[in-house]
Structure formats: structure tokens, C-alpha cells
Amino acid sequence: QVQLVEFGGGLVQAGGSLRLSCAASGRTFSTYTMAWFRQAPGKERESVAAIMWSGASTYYTNSGRGRFTISIDSAKNMVYLQMNSLKPEDTAVYYCAAGATNTFPPRHYDYWGQGTQVTVSS
């Protein structure tokens, strides 16, 4: 049974940092792309960043580029999202996902975590 479990969310002031973690288990992810998405209330789920399991390539959308860094420790089956210079508009539930894809649309991802709340106060 595939499981993705996110943790590390919380409340932070604008300008602060958070590091999200995702623990992956239940299958071999070596051919998968791991990604972080987020969804704010009343908005569609949007992609933030993605990384190949090998760590060879990383991808960022406008939402994540410049302030966020995705990384992976494949030996520990962990994926991370370091978020710096956080803004109130970064407030959302952040999801970890895995897919046999190299694209961003959420529908291309097969496995999802339950999400972790990130709240940035002004």
C-alpha cells in the first residue's frame, strides 16, 4: 500500500521559513516524479515544484521558483520542500504527490498525501 505522509506545516510570520517533509513508502519510486502541490481555500490545486526520484532534475512553477527548493533523499524515501521568504499568499494546504510523469498537472499524479497546512501571517 502506497503511502505519502507530509509533515512540517504550521503557522509562520511573513518573511519566515518552513521545511515540509514527505515520507514515501509502499512501492519503488525510482521511475517516479515527486511533486509538491498546494491548494488555498476556494482555489484550484496548483503545482509548486517537482523532482525526479533520482534527483537529477528539478522543476518549479512560478509559484515556487526563487523562494522554494525541492530536494530528495532517496535512501530515506523522503522528499522535502524548503520554503523561504514566505508570504501570506503562500497560505494553503500543501500536498506531496508521486506520478509516473514529467509534467505538472495534478491529474497526472497517481498517489497523494493527506496534506499539511501552512499558514503565513502578515
Taken in chain and number order and not counting sequence neighbours, the residues that satisfy salt bridge (Lys or Arg N to Asp or Glu O under 4.0 Å) with Glu89 are none
Tightest non-hydrogen contact, residues Phe104 and Ala50, listed as CE2-CB, 3.7 Å
On the 0 to 90° scale, with breaks at 30° and 60°, tag the Trp112-Tyr95 ring pair as parallel, tilted or perpendicular. perpendicular
Joint hydrophobic cluster, Val2 plus Ile51, side-chain heavy atoms closer than 4.5 Å: yes
Distance-only side-chain donor-acceptor flag, Thr103 / Thr101, under 3.5 Å: yes
Please identify which of these residues, Thr116, Val93, Asp90, meets the side chain to side chain contact (heavy atoms under 4.5 Å, CB included) condition with Arg38. Asp90
What is the minimum heavy-atom distance between Ala97 and Phe37, and which atoms define it? CB-CE1, 3.8 Å
Val118 and its side chain to side chain contact (heavy atoms under 4.5 Å, CB included) partner, picked from Thr91, Leu81, Leu11, Leu18: Leu18
Check whether any side-chain heavy atom of Glu6 sits under 4.5 Å from a side-chain heavy atom of Leu20, and report yes or no. no
Considering all heavy atoms, the nearest Tyr60-Ile70 contact: OH-N, 2.9 Å
Shortest non-hydrogen contact between Ser85 and Ser17, atoms and distance: N-OG, 4.3 Å
Least distance between heavy atoms, Ala24 atom then Met34 atom: CB-CE, 4.4 Å
Nearest heavy-atom approach of Met78 to Ser21 is CE-CB, 3.7 Å
